[in-house]
Novice: 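Input: one structure, supplied below.
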Amino acid sequence: MELGLVGLGKMGGNMRERIRRAGHTVIGYDRNPDLADVHSLEELVGKLKGPRVVWVMVPAGAATQSTIDELSELLSPGDVVVDGGNSRWTDDEKHAAELREKGIGFVDCGVSGGVWGLENGYALMYGGDTEDVAKVQPIFDALKPEGDFGSVHAGKVGAGHFAKMVHNGIEYAMMQAYAEGWELLEKVDSVTDVREVFRSWQEGTVIRSWLLDLAVNALDEDEHLDRLRGFAQDSGEGRWTVEAAIDNAVPLPAITASLFARFASRQDDSPQMKMIAALRNQFGGHAVESKK
């Protein structure tokens, strides 16, 4: 099938390549002309046959809103817009209503996989009407990992991004646990090779995971993470998870504590945050801050 893809950065560019490898046609637009296949959204829409599917992969908030606003004037009834960025689920409901007035479908899709997704596939969580999802399904099938898992129609509009938000909240807590364990191991004199302790956990233990594998990668590159400053940003989804928990009276002590730990990292050079920063860089290519 044909797909229009808006936003060809670290995630979007690799997604375009993976979809093309699956035999589909992708016409990509990006503000950077060196990355783009076309020079405008109008040209992108004009090159697609109806019913069109346009996947938006740009930063949440104003960038997503302006892109959807422009597409709403260019697309036709029966077309579908997919928001694959990290939008808040409440924005999805607004976007769906705006597009529905013009007969245009809307699907929200949480995407996980970071810089590794091109080869490993992307975990996909999507929300929307069954009819709209069906129009996008060949693309979901191309992007997902091989096998029976890694892709889910989570529910109605907003469900995809809500599921991805909770996924990221869990990720916060898991990363924090690895970071705290690493700092404690580094602190004691009796453990002389912390990196190899982490490596030994990769097989046969109940805490083995891809995040653990990435922690070992980071320690192989910088054994004691001496080159990193103990500072970690938060993408916003951890905050949204905690806010949703408050709204629904659901206790999330581990996720909330992990979010607050990142705030603390902005006040001093936290050893734990070196590991958090290293893990975020490993799986998502997120920037790290080096020691001065």
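In what follows, residues are counted from 1 in the order of the sequence shown. Predicted model only: the values in this text are computed from it and were never measured.
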Novice: May I ask you to decide if Ile27's main-chain N or O and Lys47's side chain share a donor-acceptor pair within less than 3.5 Å?
Specialist: no

Novice: Taking NZ, NE, NH1 and NH2 as the nitrogens, is one of them in Glu98 or Lys94 under 4.0 Å from a carboxylate oxygen of the other?
Specialist: yes

Novice: Quick one: does Val56's side chain get under 4.5 Å of Leu71's, heavy atoms only?
Specialist: yes

Novice: How about Tyr126 and Val136: do any of their side-chain heavy atoms sit closer than 4.5 Å?
Specialist: no

Novice: Going by heavy atoms in the side chains, are Val53 and Ile139 under 4.5 Å from each other?
Specialist: no

Novice: With a 4.0 Å cut-off, would you call Asp37 and Arg16 a salt bridge?
Specialist: yes

Novice: Between Glu223 and Arg195, what is the shortest heavy-atom contact and its length?
Specialist: OE1-NH2, 3.7 Å

Novice: Is a salt bridge present between Lys164 and Asp92, judged by a nitrogen-to-oxygen distance below 4.0 Å?
Specialist: no

Novice: So do the side chains of Val216 and Leu219 get within less than 4.5 Å of each other, counting heavy atoms only?
Specialist: no

Novice: Within 45° of the six-membered ring axis of Tyr122 and under 6.0 Å from that ring's centre, is NZ or CZ of Arg18 located there?
Specialist: no

Novice: Can you find a pair of side-chain heavy atoms, one from His286 and one from Gln233, that are under 4.5 Å apart?
Specialist: no

Novice: Got a second to check how far Ser209's OG is from Met175's CE, nearest 0.5 Å?
Specialist: 10.5 Å

Novice: Got a salt bridge between Arg266 and Asp234, using NZ or NE/NH1/NH2 to carboxylate O under 4.0 Å?
Specialist: yes

Novice: Taking only Lys NZ, Arg NE, NH1 and NH2, and the carboxylate oxygens of Asp or Glu, determine whether Arg52 and Glu2 approach each other closer than 4.0 Å.
Specialist: no

Novice: Is there a side-chain contact between Arg88 and His161 in this structure, where contact means two heavy atoms from C-beta onward sitting under 4.5 Å apart?
Specialist: no

Novice: Are Glu196 and Arg199 within salt-bridge range, i.e. N to O under 4.0 Å?
Specialist: yes

Novice: So, Glu186 and Lys274, do they make that salt bridge, N to O below 4.0 Å?
Specialist: no

